[in-house]
Each structure stands twice: as structure tokens, then as C-alpha cells.
Amino acid sequence: MTRTQQWFCFLLAAAGLAGPALADSAFTEAQAARGQQLYDLHCAGCHQMTLRGSAHGSELKGSAFDSKWGERTSTDLLRYNLANMPPGASDSLRESEHVDIVAYILAANGLAGGEEELHADSNIVIGSGEAGEASTDKWVTWSAAGTIEGEAKSRSGFVNRPVENFTPVTDQELQQPPAGDWLSWRRTLDGQGHSPLDEINRDNVRDLKLAWVLAMKEGSNQGTPLVRDGVMYLTHPGNVIQAVAAGNGELIWEYAYDFPPESKTLGGPTRNIALYGDKLFMATYDAALVAIDARTGEQLWRTMKADYREGYTHTSGPIVGNGVVLSGINGCERFKKDGCFVTGHDPDSGRELWRTSTIALPGDPNDASWAGKAPELRAGGDTWIPGSYDPELELFYIGTSQAKPWVAASRGMSPLDAALYTNSTLALDPRTGEIDWYFQHIPGETIDMEVGFERVLIDVKGKKLLYTVGKDGILWKLDRRNGKFVDFTETIDQNIYARLDKKSGQVTYRQDIIDAGIGDPVSACPGIYGGHNWQATAYSPEAGALLIPLHQLCAEMVGREVALELGSGGYGGDSRSFEMPGANGQLGKLVAMDVKTMQPKWSHEQRAMFMTSVLTTAGGLAFVGDLDRYFKAFDVETGELLWQARLGAPTQGFPITYSVNGKQYVAVPTGIGVFRALTAVISPDIYQPTNGHALYVFELPEAD
């Protein structure tokens with residue numbers, strides 16, 4: 001073995017890819033190394049740096065990959081990648097680059113390298129390393145949360161400086177922020193996404209113009225800027241926070257968290273940070289929680305919540321309720337001993353105050369809902385979205401996702417097994433983590449219809465209510481004092497449920513969904529992307545309505561066999577999405593639902609899917625952005641489109657509005673992330689640049 005071959009073996013071993021001894025076989029070590037660089041750049045965002053796959057891309061290593069591709073050839077895989085990868089940009093790589101990526105995948109799966117390079121027509125049977133015949137493939141496979149390449153850190157000559165005259169944020173201000181500030185994820189702890197500012201209104205919004213724009217780092221850009229006293233705290237992909245003068249975009253300081261590259265998931269969204277006292281709190285890719293000095297950008301403390309090497313990570317961040325930093329966690333797709341949980345931390349020290357499992361374990365009254373499965377084989381219950389807090393009731397509300405693997409048969413269960421506390425609303429005591437009440441929206445969920453998104457707290461006619469909507473488009477109304485069911489309604493066409501019982505609040509799947517076994521295809525409208533997804537709703541007190549962004553998409557899903565053992569699990573399903581019948585090409589829908597009657601006041605349909613949350617204002621406006629690079633303002637009462645501006649890239653994330661020196665601004669991020677795995681395929685007619693990550697800020701012109 002040459003010194004070069006020895007070095008390559010070391011690299012493979014370090015990456016966990018060591019296989020048979022090198023021989024004159026499928027590829028050279030240099031080719032596989034080239035392929036790894038290309039893979040990290042173009043593929044890892046969906047398929048993970050470990051090749052373990054995600055909800056946006058298939059496993060490319062291990063038993064799931066071998067069962068699907070083991071008897072097929074390198075040429076089959078090459079042809080498939082040439083036709084489909086990267087999604088919507090299959091012509092962005094040369095054939096020779098695709099061949100190198102295939103060589104890397106072969107190395108990752110233990111095939112031996114040698115003196116001859118892999119070629120397009122090498123026709124190596126992937127499972128044996130010998131020559132064979134090509135075949136075809138039609139399915140896209142999904143498995144576990146993905147990661148992308150580590151971002152190279154570079155610095156200009158800029159020197160951080162402190163924020164002057166910073167005023168610490170109090171509990172009372174989190175509950176009732178100053179009108180010009182945006183202090184929490186949805187501005188207020190009730191999750192309403194509404195601002196009392198009205199300088200920009202339905203009469204003058206047509207005059208909006210660009211105030212300033214700031215380039216942002218690459219990745220899945222789903223952030224929520226916070227604003228305090230004219231200073232914006234802006235999160236970037238890559239666990240980066242900047243303090244920026246909110247009136248003109250001037251940078252004040254930048255903080256960059258140092259994380260292991262393989263811990264970065266799904267393109268790296270950091271959906272929110274929290275602001276309390278004089279600290280910013282961020283949940284990191286590597287399953288830690290950090291506190292940063294809001295004045296200087298210096299890290300004050302760091303607390304590990306879990307081991308990222310077991311798949312734990314964060315996509316959403318904390319909120320602060322009753323003086324406690326409250327956050328969930330992600331990365332619970334695979335079977336592991338500790339499962340998923342929610343935590344409360346002390347804001348001054350980072351000390352963990354409590355930890356509450358989102359999975360019913362032995363000793364819990366709902367242990368039997370897991371059909372006797374061993375605790376380590378109970379996966380899911382992730383919290384993808386921040387929660388909400390009611391200071392009067394002193395309750396923290398958060399939604400959990402479905403059980404994993406997606407299909408009940410793949411986890412050795414039935415949809416009749418509830419699998420608590422997945423797909424539920426949990427009401428927790430923020431001081432102790434004790435579950436005050438829970439409500440499970442879809443027991444035994446089996447087709448990725450999670451109801452794990454925002455919880456909006458609204459008082460209606462003296463009643464304290466909680467509203468939420470899941471991928472199935474069902475809008476739920478609960479009594480937030482005790483979790484009692486009040487009402488639900490459909491916001492979009494659905495064929496998933498045979499029955500919606502308005503008395504009990506129970507949903508009943510179609511019989512074929514209940515009966516589906518491993519390998520049985522099931523069609524569902526809406527599909528795995530929704531319906532509704534992470535793009536949050538907003539409440540308009542003026543219209544008395546929730547404004548909900550929806551996707552008119554369906555999907556077919558097939559569950560596959562999953563080994564019921566530690567380290568296995570994942571999403572466990574093959575899926576493909578398609579336009580909802582009757583949508584007539586209109587994939588995006590914005591609907592205003594009356595919170596009293598649960599009936600639509602108006603709806604707007606369009607070709608481009610909505611890709612941001614909704615922002616409502618006292619000016620009678622609802623702002624929302626879409627895939628076609630438009631940022632739009634609608635009249636909250638009528639749904640009339642009043643203004644739009646086309647930006648440099650698809651909009652993403654959570655728009656906000658704020659004021660500086662009495663002047664109102666509206667801000668929206670751009671820069672599409674892993675949703676492009678869907679949108680590039682389902683909407684190929686819409687130009688979707690992969691760059692252009694930025695924050696756009698708009699203002700009214702100065703009066704004459």
C-alpha cells in the first residue's frame with residue numbers, strides 16, 4: 001500500500017467510512033476525495049455530512065441505502081443523480097463531477113479503491129464491487145435530520161463595538177413590548193405576530209421603498225430579527241448573531257458560535273433567539289444553549305443539553321417565561337436512550353432547572369400508549385417551533401411533532417396506538433416543567449401530519465383560547481386553561497380523515513391509512529409539506545382573524561422496514577409530492593379565519609407558495625413573502641393585494657416591523673433553504689436562485 005493509500009484509509013476511518021483494504025477496483029482515493037468535497041458543497045444540506053439522510057434527502061450509507069441500491073450499479077446511481085440532483089439544478093454539475101460524487105458514495109459504503117478511476121460506464125454493482133447491469137429508480141427516500149458542510153469563517157477588518165445605552169428587558173416588557181420593539185419570536189409571548197404600529201397603513205403602503213439591505217450568510221435563512229431601542233439583533237445561518245443599527249443597517253458587533261460542522265442540520269436554520277435582561281439566548285446546532293451579552297456580543301455561558309453525536313440539534317430557539325429560558329430540542333428521529341424533551345434553564349447561570357420528556361416512559365400514566373415498545377425504541381416528539389407563554393395562567397405552551405418513524409407499521413405499531421405525547425399541545429409549568437395538561441391532536445399519527453407548529457393565544461369574549469394548525473390544515477381551538485377541546489375546522493381541502501367529530505375533537509383516519517402496512521402506498525391531501533408548515537400564522541385584532549399561509553400539495557407515502565434497535569429509526573418512509581387536485585396550479589394559499597366562527601373571511605390563491613410567516617399590523621396590513629421573490633401586503637379585512645416588491649431571492653423566515661425615532665420599518669429575510677428540494681421540483685417554472693441571502697428593510701418616503 002502506498003503512502004497516499006495509507007493516508008486515504010486514515011481519512012476514511014476518521015470519517016467512519018473505513019471499508020475493505022484498497023485494491024485495483026472501483027475508484028481511486030483521489031477521486032473519492034474530490035467527490036467528498038463536491039458532496040459536502042452540493043449534497044450534504046439534504047443528505048447530511050454523515051450520509052445518514054434527512055426529511056429532505058435519502059440515506060446514502062448503511063442498510064437502508066444497501067437495500068435499495070445494493071443490487072444496482074454505479075451507472076444507475078449516476079444516471080439518477082444526473083437527472084435529479086441537486087433538485088431543480090441537475091445541470092449545475094458536470095458529468096465528471098457527478099461521477100466523483102458516486103465514487104465518494106461507494107467509498108462511504110465500504111467499496112475498495114484502487115488504481116483505476118470510476119467512469120460513467122463502469123457499471124459497478126454497488127453491493128459487490130463487481131460489474132453488473134443497470135436498472136431504474138423512481139422513489140425519493142427520507143431518513144434522518146441532515147447537515148451541511150462547515151462554513152469557513154472569514155473576517156474583514158471590522159472591529160466590534162458595544163451597544164450604547166442598552167436598557168435591560170424586563171418580564172413586563174416581554175409581555176407588553178414597547179410599540180417600536182420586537183422583543184420575542186412573534187413579538188409577544190402569546191405568539192400573535194402582531195404589531196400596534198400604524199404609520200404604514202392600507203392608505204400609504206403603496207409608497208413603501210427600500211430603506212436598506214444587508215447581505216447574510218448562506219444556508220437556510222429562517223431567522224427572526226429582534227429589535228430593542230433601535231438596535232436589531234439578527235441571526236444568520238451558521239449560528240451567527242449580529243447587532244445592527246436598525247435605522248440604517250450599520251453593523252455594531254458580530255458573534256459567531258464555534259460548532260462542529262456535522263452538527264449543522266437542514267441547511268442551518270436558526271429560527272429565533274430570545275432577549276431577556278441584558279442577554280441574548282441561542283440554541284445551537286450542537287445541542288447547547290448559550291447566553292451572549294446584548295451590549296458587546298461576548299459569550300457569557302454555555303450549557304450542553306444533549307450530545308450532538310447522537311443526532312440531537314436545534315432548529316428553533318428559546319423564549320423566556322416567568323424568568324426561565326424555555327426550549328425544546330430536535331434530532332429525535334432515531335432510536336436512542338434519552339429520547340426527546342423540553343428544558344428550562346436559569347438565565348443568569350445556564351443551569352438546567354428541569355427536563356420534561358415529550359415521550360411517555362415507564363412510570364408515566366400514558367406509558368401503555370406505546371404498545372409495549374421499549375423506552376429506547378420510542379422516537380419522535382421533536383419541538384420544531386418555539387412555544388408561547390401566558391403570564392396570567394403561568395403556563396408555557398409548546399407543540400410536539402409526530403412519532404418516528406413516520407409510518408406506524410415501520411415502528412412496529414398501529415395508528416390505533418396513540419404514542420403520547422407526540423403530536424400534542426403541552427402546557428407546562430415554567431418553574432418545574434410539570435405537565436399541567438396535554439391535548440393530543442392526532443393519536444397514532446402515521447403519514448407525517450404533525451401538529452407541531454405555533455401556538456397562538458387569543459382571548460375571545462372573555463375566553464382564554466389557544467389556536468394551532470398542523471400539516472393537515474386543521475385549525476384547532478382549545479381552552480388554554482385546561483386543554484379542553486372547543487372547536488376545529490378545515491382550512492384547506494383534505495382527504496385524510498373519514499370523520500371529524502366536533503363534539504369530542506377526535507379525528508379518524510381513512511380505513512386504508514389505518515390498515516397500511518410496510519410497502520403499502522398511501523395518498524394523502526395535504527401532503528408531508530402541508531397544508532401548513534413552519535411559516536407561522538398571525539392574528540389581526542382588527543379583523544378578528546388568524547391569517548394562515550398554506551401549501552396546496554398532496555403526497556404519496558410508502559413505509560419501509562426499519563430495524564427496531566438502538567441507532568436505527570429515522571423517518572422510515574419514501575414519499576413524493578404533487579399538486580393538490582383542483583388547485584389549478586395555485587400552490588400558495590393565504591386564508592383569514594374568523595377566530596369566533598372558525599369560518600374563512602377571505603382567501604387568496606396564487607402560483608407561488610408562501611415561504612414566510614405572516615406579519616399583521618394595526619395599519620390594517622398583513623405582510624407575507626413568497627417563492628417568486630415577492631414581498632406582499634394585503635388588507636386584513638378584505639384580502640386585497642395592496643403592495644408588492646420583488647426582491648433578489650425567494651423570501652424566507654419571519655418578517656417583523658419596528659420603529660426607530662418614531663419612523664416605522666418593515667423587514668423580511670431572503671434566501672431559500674432545504675425547502676428547495678421540494679420547490680425546485682414542484683415549481684420548476686419559478687426562478688429560484690440559491691444565493692441572495694439578505695435582510696431587506698422598507699420604509700415610507702420622507703414627507704415633502
Side-chain angles (χ1 to χ4, degrees), residues 159-199 211-212 214 223-235 240-255 270 272-283 289-301 317-327 345-350 386 388-389 391 430 615 617-618 654 656-667 695 697 699:
V159 177
N160 285 351
R161 54 191 174 87
V163 172
E164 297 180 357
N165 303 317
F166 178 86
T167 305
V169 175
T170 66
D171 288 278
Q172 181 62 32
E173 286 180 310
L174 285 180
Q175 297 162 25
Q176 296 178 319
D181 285 357
W182 194 282
L183 298 182
S184 194
W185 173 54
R186 301 298 287 146
R187 187 178 179 272
T188 46
L189 296 177
D190 53 24
Q192 292 185 7
H194 175 76
S195 169
L197 296 178
D198 60 2
E199 178 193 359
W212 56 269
L214 179 64
T224 310
L226 301 183
V227 177
R228 172 64 162 173
D229 291 338
V231 176
M232 176 183 290
Y233 297 99
L234 179 63
T235 59
V240 170
I241 303 174
Q242 291 179 334
V244 179
N248 60 21
E250 181 181 355
L251 182 63
I252 301 172
W253 58 250
E254 178 176 299
Y255 164 83
T270 300
N272 71 294
I273 52 176
L275 178 58
Y276 180 61
D278 58 1
K279 300 179 183 68
L280 297 163
F281 304 94
M282 179 171 67
L289 194 65
V290 295
I292 301 107
D293 189 316
R295 295 184 177 92
T296 65
E298 296 179 358
Q299 183 173 304
L300 300 175
W301 53 254
I319 67 165
V320 176
N322 204 0
V324 179
V325 183
L326 306 164
S327 62
H345 285 79
D346 177 81
D348 294 323
S349 65
S388 301
Y389 177 65
L615 158 68
T617 75
F654 302 88
I656 69 164
T657 187
Y658 60 92
S659 66
V660 180
N661 297 324
K663 185 178 184 64
Q664 184 180 358
Y665 298 85
V666 180
L695 183 78
V697 180
E699 65 180 356

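Looking only at distances, a side-chain donor or acceptor of Asn272 sits under 3.5 Å from a matching main-chain atom of Gly317. At distances below 3.5 Å, at least one donor-acceptor pair connects side-chain atoms of Asp346 with backbone N or O atoms of Asp348. A distance-only check finds no donor-acceptor pair linking the side chain of Glu699 to the backbone of Ala211 [under 3.5 Å]. Under the 3.5 Å distance criterion, the side-chain polar atoms of Trp253 are left unmatched by any main-chain donor or acceptor of Ile241. In this structure, Trp212 contributes its side chain and Leu695 its backbone to no donor-acceptor pair below 3.5 Å. Panel note: side chain Glu254, backbone Gln242; no donor-acceptor pair is recorded below 3.5 Å.
Rounded to the nearest 0.5 angstrom, Ile319 CD1 and Ile273 CD1 are separated by 14.0 Å. Separating the CD1 atom in Ile656 from the CG atom in Leu615 is a distance of 8.5 Å, to the nearest 0.5 Å. Within the model, atoms CZ of Phe654 and CH2 of Trp185 stand 5.5 Å from one another, a figure rounded to the nearest 0.5 Å. Note that CZ of Arg295 and CG of Leu280 are 11.0 Å apart. Values are rounded to the nearest 0.5 Å. One distance of note links CG of Leu251 with CG of Leu214; it measures 7.5 Å at 0.5 Å rounding.
Within the structure, the salt bridge (charged side-chain N to carboxylate O under 4.0 Å, His left out) test picks out the following pairs touching residues 168-194 (sequence neighbours left out): Glu173-Arg228, Asp181-Arg228.
The side chain to side chain contact (heavy atoms under 4.5 Å, CB included) test applied to Val290 returns Tyr255, Tyr257, Met282, Thr284, Ile292, Gln299, Arg302, not counting sequence neighbours. A search for side chain to side chain contact (heavy atoms under 4.5 Å, CB included) contacts involving Glu164 returns nothing, not counting sequence neighbours.
Counting all heavy atoms, side chain and backbone alike, Leu234 lies closest to Pro225 at CD1-CG, 3.9 Å. Across every non-hydrogen atom of Ala243 and Tyr233, the tightest pair is CB-CE2, 3.8 Å. Smallest separation of non-hydrogen atoms from Ala667 and Val697: CB-CG2, 3.9 Å. Here the closest non-hydrogen pair linking Leu326 and Gly321 is CD1-N, 3.7 Å. Nearest heavy-atom pair across Ala618 and Pro196 is CB-O, 3.3 Å. Of all heavy-atom pairs between Pro318 and Ala274, the closest is O-CB, 3.5 Å.
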- Message: Run Phe166 and Thr296 through side chain to side chain contact (heavy atoms under 4.5 Å, CB included) and show every step you take.
- Response: CA-CA 10 Å; Phe166 178 86; Thr296 65; over 6 Å; no
- Would Asn160 and Ile252 satisfy side chain to side chain contact (heavy atoms under 4.5 Å, CB included), going step by step from the backbone distance to the final call? CA-CA 6 Å; Asn160 285 351; Ile252 301 172; over 6 Å; no
- Query: So Lys279 and Asp293, salt bridge (Lys or Arg N to Asp or Glu O under 4.0 Å) or not? Walk me through it.
  - Reply: CA-CA 5 Å; Lys279 300 179 183 68; Asp293 189 316; over 6 Å; no
- Would you check, one step at a time, whether the test side chain to side chain contact (heavy atoms under 4.5 Å, CB included) holds for Thr617 with Asp198? CA-CA 7 Å; Thr617 75; Asp198 60 2; over 6 Å; no
- Item | Worked verdict on Val325 versus Leu289 for side chain to side chain contact (heavy atoms under 4.5 Å, CB included) | CA-CA 9 Å; Val325 183; Leu289 194 65; 3.9 Å; yes
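Note on ring orientation: taking the six-membered ring where Trp is involved, the planes of Tyr658 and Tyr665 are parallel (angle under 30°, cut-offs 30° and 60°).
Asn661 CG: 12 or fewer foreign heavy atoms inside a 6.0 Å radius.
Side-chain contact between Gln664 and Thr657 is present, with at least one heavy-atom pair separated by less than 4.5 Å. Within the 4.5 Å cutoff, side-chain heavy atoms of Val320 are placed close to those of Leu174. Residues Pro178 and Leu183 have side chains in contact (heavy-atom distance under 4.5 Å, counting atoms from C-beta outward).
For the side-chain contact (heavy atoms from CB on, under 4.5 Å) test with Trp182, the passing option among Leu197, Leu275, Thr188, Leu226 is Leu226; the others fail.
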